[in-house]
Amino acid sequence: MTAFFTTQLSYQQFLDEYWQKKPLLIRQAFPGLDPIISPEELAGLACHEDIESRLIEEDSDSGPWRCQHGPFTEDDFARLPEKNWTLLVQDMDKHVPELAAITRQFNFIPEWRKDDLMISYAPEGGSVGPHTDGYDVFLLQAKGTRRWQVGKEPIQNPELIDGLALKILVDFEPEESWDLEPGDMLYLPPHIAHHGIALDACMTFSIGFRAPTQTELLDSLLHIASEQDSFGQQRYEDRDLQIPIHDNEIDQASLLRFRQTMIDCISQSDEWLTSAIGRLLTETKPSLEWLADELMNEDKDEVDFTSQFDAGMILKRNQYIRVAWASLGEDVLIFVAGEHNQIEKSITECLPSITGYTSLTNQDWQKLQTNMAAISALSYLVSKGAWYWDSEG
Ligand code: SIN
Ligand code: CO
């Protein structure tokens with residue numbers, strides 16, 4: 001894959017010129033796109049208690065822009081008006097693994113940057129109102145036509161309509177308006193105001209990304225710190241101390257020393273910093289934990305790979321569990337579901353299969369089984385539920 005969908009841009013040009021910078025409309029990015037699921041099936045999934053869904057009505061009996069959270073019932077759908085509502089269902093790439101083929105098309109962006117594929121269904125007039133999002137998104141039209149109105153400059157702290165459960169902009173002045181047909185796609189960087197109105201019954205796929213905040217990163221580092229006696233024990237030092245002008249003042253020189261102490265603490269150990277980052281990025285979304293557990297084998301610690309593969313079993317990736325890895329000197333840190341393990345670097349050539357494939361067959365195992373580090377990493381990932389045994393097919 002070198003061309004950025006149907007544009008003349010290379011993926012790197014897209015990243016250089018548009019990613020996190022400005023919107024891009026791509027006509028027929030996915031020509032002949034098969035939405036894989038129907039609006040009825042989407043509504044069916046929104047009735048499942050472990051699936052995150054929302055129903056947004058522009059003019060409900062209880063006032064404008066009502067937002068209800070699922071699970072829903074058939075009656076909830078039966079009472080809806082003909083127009084002006086939207087059903088949104090999160091994590092569809094995990095609930096319907098065939099849909100992950102769409103998010104895989106975005107592999108020019110790291111896997112750990114991806115959040116989920118959200119699918120919305122709306123009859124004519126349906127929208128979630130003009131708003132901004134804090135993350136990058138590709139809005140792929142899967143069915144029907146949606147008019148996307150888009151602002152120009154990012155708005156960091158927009159003024160919102162008071163008293164609503166939804167964050168709707170008080171003022172929205174679109175700079176552009178595009179009608180997206182099935183297969184068309186719009187990329188939006190964070191904080192760009194947008195408003196998508198269904199011109200007829202339509203489904204939109206939102207491929208959303210995620211980026212941790214500084215607080216989340218620091219919190220993860222502090223969590224590691226709590227497990228290490230030697231973390232952050234260096235005290236404030238002031239060998240260059242001058243007689244203070246005011247003895248109660250924390251003066252600029254002292255503030256700079258404190259700042260440096262904190263920077264030194266963060267930079268203290270590559271291992272702790274890498275662990276904190278990897279653990280944070282692979283944590284399982286709380287709303288998906290139950291579904292993740294449901295796919296795990298009961299005897300996760302029993303791993304006689306050869307006999308299992310010989311018996312015709314295959315390993316399948318548990319799509320609810322995140323996996324990532326990072327090099328650390330002579331080792332590799334493997335992260336899974338917010339935990340990690342340190343493995344020898346000789347594993348590197350096996351990492352694409354044991355962390356990236358969707359299934360592992362006996363044939364894959366033949367290549368892995370000569371590498372002790374790979375066996376150890378795979379055992380670890382199976383024990384954490386990232387892979388589960390299933391009968392072939
Ligand atoms: C929608 O699909 O209607 C909303 C998606 C979004 O604006 O992020
Ligand atoms: Co949005």
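Just so you know, these numbers use all the heavy atoms, side chains as well, and skip hydrogens, waters and symmetry mates. Whatever order the structure lists ligands and atoms in, that order sets their numbers, starting from 1.
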Close approach of Trp148 to ligand 1, heavy atoms, under 4.0 angstrom | yes
Atom 4 (C) of ligand 1 - nearest protein heavy atom and its distance = Val128 CG2, 3.9 Å
Is the Phe138 ring parallel, tilted or perpendicular to the Phe209 ring (thresholds 30°, 60°)?
-> perpendicular
Output yes when the distance from some N or O of ligand 1 to some N or O of His194 is under 3.5 Å, and no in every other case.
-> yes
Val137 heavy atom under 4.0 Å from ligand 1 = no
Measuring from Ile343:CD1 to Ser376:OG, what's the distance to the nearest 0.5 Å?
-> 3.5 Å
Look at the rings of Phe5 and Phe108 and say which category their plane angle falls in: under 30° parallel, 30 to 60° tilted, over 60° perpendicular.
-> perpendicular
First locate atom CD of Gln149, then atom OG of Ser127, and finally report the distance between them rounded to the nearest 0.5 Å.
-> 9.5 Å
Partner of Trp325 under side chain to side chain contact (heavy atoms under 4.5 Å, CB included), chosen from Ile347, Thr355, Asn341 | Thr355
Is the Tyr320 ring parallel, tilted or perpendicular to the His95 ring (thresholds 30°, 60°)?
-> tilted
Distance filter under 4.0 Å to Arg146 heavy atoms, resulting ligand 1 atoms | 3 (O)
Using a strict 4.0 Å cut-off to heavy atoms of Ser120, name the atoms of ligand 1 that fall inside it.
-> 1 (C), 2 (O), 3 (O)
Please indicate whether any nitrogen or oxygen in Ser206 is less than 3.5 Å from any nitrogen or oxygen in ligand 1.
-> no
For Arg66, the salt bridge (Lys or Arg N to Asp or Glu O under 4.0 Å) test, sequence neighbours excluded, returns Glu57
Protein-side N, O or S atoms sitting under 2.8 Å from the Co ion (ligand 2) are His131 NE2, Asp133 OD2, His194 NE2
Above 12 or not: heavy atoms from other molecules or residues under 6.0 Å from NZ of Lys345?
-> yes
For His131, the atoms of ligand 1 under 4.0 Å from one of its heavy atoms are 6 (C), 7 (O), 8 (O)
Distance filter under 4.0 Å to Asp133 heavy atoms, resulting ligand 1 atoms | 8 (O)
In this structure, are over 12 heavy atoms from other groups packed under 6.0 Å from Ile245 atom CD1?
-> no
Nearest 0.5 Å, what's the NZ-CG distance between Lys94 and Asp91?
-> 4.0 Å
